[in-house]
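Worth knowing before you read on, the calculation uses all heavy atoms, side chains too, and leaves out hydrogens, waters and symmetry mates. Chain letters run A, B, ... following the sequence lines, proteins first, then strands; residues in each count from 1. On a predicted model such as this, the values are computed, not experimentally measured, just so you know.
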Amino acid sequence: MKFLTLILLSFNCYAINITEERVRLLPPSSPATGVFMTLTNASKQDRFLIKALSDRAKKVELHNHIMEGGMMKMREVEKIKIPAKGKVTLKPGGLHIMLIGLSKPLQEGEKIPLTLVFKDGLKKAIEPEVKKIKVQH
Amino acid sequence: MKKILLVAFALLLLIGVRAYLWQYDLASQGGDFAINSTTGVFKLKENRGKVVVIYFGYRYCPDVCPTTLAQIATVKRKLPADLQKNMQILFISVDPKRDSLPVLAEYVKFFDEDFVGATASKTAIDKIAKMYGAKYVINPPKGEDPKTYTVDHSTAAFIVNKAGKLVDAIEHNEPQAMVMAKLINYLKETL
C-alpha cells in the first residue's frame, strides 16, 4: 500500500505532459533549429523547465523572443515556467528550445532524442520528430 | 487636474501608437540599389514590372526568418501562375561574416526555387537597410565560439511595387489571407 501511495505521489509530482513536440526542419546548412511543444502541468505546483539536453547538438538552450524597438530579439532564458494546473506552449516566434551546432543535417521524419530537465530534478526523455514548417492560415 | 492628466495620458498613448505604426515610414523610404546575389548582381531597377519582396535576416536565424520565408513561399505557390512569375523574393543576409553566397543559395532554395539570396559588406548592407527602414543589431558572441552570436532584426518583409516604390510591408505572423490579398493587389497593378 505504501508503495502504491509512493507511486501515486510521484506520479502526481511529475504530472507534466508533453504534446505536439516537434523539431523544425531547416535548410541542411542551418547550424541551429528550434524545438516546439506544449507542456501541461497537472499538479498543484508550478514547475520549471531549466535545461534540455541532446546528443544531436553541441548546445541546447532555452530561448524566448522579445519584440523591442521594432526588432525581434532572441534571448536565452534561465527557465520556462509551467504554471500549476496550466500549460505553456513553446511555439515559433515565442519560447522555444534551441539546438545549436547540429551534429549533422536534419532529415524530415527523423526523431531527435531530447531530455528535458525540470527544477525538481525530474528528467523526461522525449523524441520529437523533425517536421516541415507549418504555415499559419 | 485629474482631467489634464487624463488628457495628457491619452495624448501620450496616441503618440505611442502612431510612432509604432510609423516605424516603417514607407512613403519616404525605399529606392533602387544593387547587391551581390546568388544569381549575380541583383539590381532592383531591373525588376520594374515585378513585385519585389525584400526581407532582411540571417541564415543562423532558427525561427523568425524561416517562418516568414516559408509563409511567403507558401503564398507564392498558391498564386495563379501568371502572377507568380511577376513576384521576386530577395533575402538579404545582414550577417555576411557567416553567410557566403554559395550557402545562401542553398538556404533560399530550401524555401523556393525562385528566391534570391544576397549579401554584401556591412557598409553596403547598412546603406540598403537604412533606405528601407530595416534595423538590425549583431550581438556579441556568447561563450568561447566567436561564431555563435544572434542577430536582432526587423521582422517585416518589404513590398516594392512594379514601379519600384516601397508600398507595403508584411509583418511577422501576419495571417496568410492578408499576405495573399496584399500581394495579389500589387501583382494586379499595371504599370
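- Between B:R59 and A:P31 the shortest side-chain heavy-atom distance falls below 4.5 Å.
- Interface remark: of the candidates A:L26, A:T33, A:L25, A:I133, A:L26 forms the most heavy-atom pairs closer than 4.5 Å to chain B.
- The two residues A:P92 and B:T67 make their nearest non-hydrogen contact at CB-OG1, 4.1 Å.
- For B:F56, no part lies near chain A; criterion is any non-hydrogen pair under 4.5 Å.
- Taking 4.5 Å as the limit, every side-chain heavy atom of B:Y60 sits out of range of all side-chain heavy atoms of A:I100.
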Next on the checklist: Pair B:D152, A:R75 - check salt bridge (Lys or Arg N to Asp or Glu O under 4.0 Å), show working.
Outcome noted: CA-CA 10 Å; B:D152 303 340; A:R75 294 290 180 265; 3.0 Å; yes
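- For B:V137, the parts lying near chain A are the backbone and the side chain together; criterion is any non-hydrogen pair under 4.5 Å.
- Within the 4.5 angstrom heavy-atom criterion, only side-chain atoms of B:T74, from C-beta onward, approach chain A.
- Residues B:F111 and A:P27 meet the side-chain proximity criterion, which asks for heavy atoms closer than 4.5 Å.
- Highest contact tally toward chain A, considering only B:N139, B:V108, B:V179, is held by B:N139 [criterion: heavy-atom pairs under 4.5 Å].
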Item to check | Intermediate values then yes/no, side chain to side chain contact (heavy atoms under 4.5 Å, CB included), B:V151 and A:M74 | outcome: CA-CA 8 Å; B:V151 181; A:M74 191 170 68; over 6 Å; no
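- Of the possible donor and acceptor atoms, one in the side chain of B:K135 sits under 3.5 Å from a partner among the backbone N and O of A:G69.
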